[in-house]
Amino acid sequence: MGGTLIKLKEFQESFTKNEKKISHFLLENMDEIKTLNTYDLAVKCDVSQASVVRFAKKLGFKGFPEFKIALAGDLAMKNNEKEIQIIYDEISVDDNTEILAKKVVYENIKSVEDTYKVLNFQEIEKAVEAIENANRIFLLGAGFSGIIARDFQYKLWELGKNVIFETDQHIQLTNASTAQEGDLVFVISYSGQTLDIYQSILEFKEKGVKVITLTKVATNPIKDIGDISLSTIVEKSNLRSTSLSSRMAQLTVIDILYVKLIQRDREKANRLIGDAVESVKKFKM
């Protein structure tokens with residue numbers, strides 16, 4: 001599945017009533033996309049042509065023609081894919097270990113592949129630039145996203161960055177009170193709706209601190225107040241409210257940033273990472 005079709009499905013919760021009409025029609029009548037213009041689609045969905053244009057722009061396109069071309073390309077790619085039907089099935093309590101393992105592995109792989117398809121490489125470049133030039137980097141993340149934030153903290157420490165990560169909101173707010181221009185906040189939240197994280201970001205924003213967000217691709221409150229937006233896609237799991245694959249998608253984006261930072265100053269990175277490895281060796285048996 002290409003990036004446009006993924007976005008079409010991921011944005012469902014944030015669509016307006018008219019936008020849902022358009023998306024539902026497109027998802028149920030994919031074969032008609034090539035022959036439709038804004039007027040035709042507006043009539044079929046009982047909405048205005050302006051609604052169709054806004055719909056396309058909400059998904060990140062300049063207009064409907066660009067969206068139509070991208071979606072048609074995605075459909076051609078999808079028709080050429082040969083996938084085993086069992087993988088599309090939801091994980092079941094009746095699955096044996098082999099089938100369950102296959103489904104979990106596929107879910108993780110698919111989340112990484114789909115995340116790649118929606119990556120905005122210009123935003124990645126901006127994020128790397130901001131991280132490289134930041135005086136201090138404050139990481140925010142709760143739950144499983146907090147585990148990813150901790151991993152990123154270790155990676156940035158290896159590169160000699162001044163990184164602060166605290167899970168307690170009171171400490172986050174205290175950190176925000178000391179923030180200054182030139183500092184940076186990097187927020188990890190798949191849903192983009194974690195209230196205490198959102199409140200902490202607002203405190204940092206009042207200090208003029210730049211904010212990078214790593215959230216789901218669809219519109220969400222945390223993404224909306226960020227200066228630089230990075231996105232992930234995850235496969236929905238019927239076994240838990242939080243997808244099992246969200247960590248894999250988030251870690252992939254973090255690794256891209258980490259390797260890009262190394263690439264920009266490889267000599268310094270190799271020296272710092274090498275020193276860290278040598279220090280750890282002392283404690284190996």
Side-chain angles (χ1 to χ4, degrees), residues 1-16 19-20 22-24 26-27 54-61 67 70-71 74 90-91 104 106-124 126-127 139-152 167 185-202 205 211-257:
M1 198 190 310
T4 306
L5 190 52
I6 292 168
K7 285 183 179 179
L8 190 58
K9 293 181 178 181
E10 288 288 320
F11 271 74
Q12 291 300 316
E13 293 180 2
S14 63
F15 282 150
T16 64
E19 289 166 349
K20 285 181 179 178
I22 298 169
S23 67
H24 289 162
L26 291 174
L27 289 170
R54 285 195 296 269
F55 172 82
K57 289 184 176 180
K58 190 167 190 174
L59 292 171
F61 297 94
F67 164 77
L71 183 57
D74 280 7
E90 292 279 11
I91 294 173
V104 171
Y106 177 82
E107 183 176 301
N108 285 339
I109 292 171
K110 193 74 167 60
S111 70
V112 172
E113 289 179 341
D114 287 349
T115 291
Y116 171 77
K117 291 172 184 175
V118 301
L119 285 178
N120 184 322
F121 299 110
Q122 291 182 334
E123 291 292 278
I124 289 176
K126 290 178 185 177
L139 300 180
L140 300 179
F144 281 119
S145 294
I147 296 172
I148 307 304
R150 183 70 71 189
D151 175 83
F152 197 25
T167 56
V185 175
F186 193 106
V187 188
I188 304 174
S189 171
Y190 174 69
S191 70
Q193 296 175 315
T194 307
L195 181 59
D196 58 344
I197 297 294
Y198 181 83
Q199 291 172 334
S200 294
I201 298 170
L202 293 179
K205 292 280 284 186
V211 175
I212 301 174
T213 63
L214 176 58
T215 69
K216 63 183 179 182
V217 69
T219 301
N220 60 77
I222 287 177
K223 181 178 183 177
D224 289 345
I225 61 173
D227 300 294
I228 300 170
S229 299
L230 307 177
S231 302
T232 62
I233 295 290
V234 302
E235 299 304 298
K236 303 298 187 296
S237 172
N238 62 327
L239 290 186
R240 52 178 294 122
S241 58
T242 302
S243 173
L244 297 171
S245 55
S246 61
R247 305 180 316 283
M248 302 303 297
Q250 291 171 339
L251 278 170
T252 298
V253 175
I254 294 303
D255 284 347
I256 291 170
L257 296 172

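Hydrogens, waters and symmetry mates are skipped; everything else that's a heavy atom, side chains included, is used. For clarity, every value in this text was computed on a predicted model and none was experimentally measured.
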- prompt: Please walk me through it: do T232 and V253 pass side chain to side chain contact (heavy atoms under 4.5 Å, CB included)?
  reply: CA-CA 8 Å; T232 62; V253 175; 3.8 Å; yes
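- When all heavy atoms are compared, the tightest approach of M248 to T252 is O-OG1, 2.8 Å.
- Counting heavy atoms from C-beta outward, F121 and L119 have side chains that approach closer than 4.5 Å.
- In this structure, the side chain to side chain donor-acceptor pair (under 3.5 Å) partners of S145, at least two apart in sequence or on a different chain, are Q250.
- For the atom pair CZ of R54 and CD1 of I22, the computed distance is 8.5 Å after rounding to the nearest 0.5 Å.
- To the nearest 0.5 Å, atom CG of residue L27 and atom CG of residue L5 are 7.0 Å apart.
- Nearest heavy-atom pair across S189 and T194 is OG-OG1, 3.5 Å.
- Distance check, rounded to the nearest 0.5 Å: OG1 of T115 to CG of L214 gives 9.0 Å.
- Residue L8 comes nearest to F15 through the heavy atom pair O-CE1, 3.8 Å, listed as atom of the first residue, atom of the second, then distance.
- Using a cutoff of 4.0 Å between basic side-chain nitrogens and carboxylate oxygens, E107 and K110 are not scored as salt-bridged.
- Put simply, the side chain of E123 gets close to the backbone of S229: a donor and an acceptor are under 3.5 Å apart.
- Side-chain contact between F55 and S23 is present, with at least one heavy-atom pair separated by less than 4.5 Å.
- Interatomic distance, K20 NZ to Q12 CD, rounded to the nearest 0.5 Å: 7.5 Å.
- Atoms CZ and NZ, from F67 and K58 in turn, are 13.0 Å apart once rounded to the nearest 0.5 Å.
- Within the 4.5 Å cutoff, side-chain heavy atoms of F186 are placed close to those of I254.
- Under the salt bridge (Lys or Arg N to Asp or Glu O under 4.0 Å) criterion, D227 pairs with K205, sequence neighbours left out.
- Rounding to the nearest 0.5 angstrom, the gap separating the CD1 atom in I148 from the CG atom in L251 is 3.5 Å.
- For S231, the side chain to side chain donor-acceptor pair (under 3.5 Å) test picks out no residue, with sequence neighbours left out.
- Closest approach of L139 and A149 over heavy atoms only: CD1-O, 3.2 Å.
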Could you walk me through whether L59 and T4 pass the side chain to side chain contact (heavy atoms under 4.5 Å, CB included) test, one step at a time? CA-CA 8 Å; L59 292 171; T4 306; 5.6 Å; no
Residues 218-225 side chain polar contacts: donor-acceptor under 3.5 Å, at least two apart:
from, atom 1, to, atom 2, distance (Å)
N220, OD1, I222, N, 3.3
N220, OD1, K223, N, 2.8
N220, ND2, T215, OG1, 3.1
N220, ND2, K216, O, 3.4
N220, ND2, A218, O, 3.0
K223, NZ, V217, O, 2.5

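- Take E113 and apply the side chain to side chain donor-acceptor pair (under 3.5 Å) test, not counting sequence neighbours, and it matches no residue.
- Residues passing the ring pair (Phe, Tyr, Trp, His ring centres under 6.0 Å) test with Y198, sequence neighbours excluded: none.
- The two atoms that bring E10 and I233 nearest to each other are CG-CD1, 3.4 Å, heavy atoms only.
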Run the numbers on Y190 and F144 for ring-ring contact (aromatic ring centres under 6.0 Å, His included), then give the verdict. CA-CA 9 Å; Y190 174 69; F144 281 119; over 10 Å; no
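- No side-chain heavy atom of L140 sits less than 4.5 Å from a side-chain heavy atom of I188.
- Between A127 and L230, the shortest heavy-atom distance links the atoms CB-CD1, 4.2 Å.
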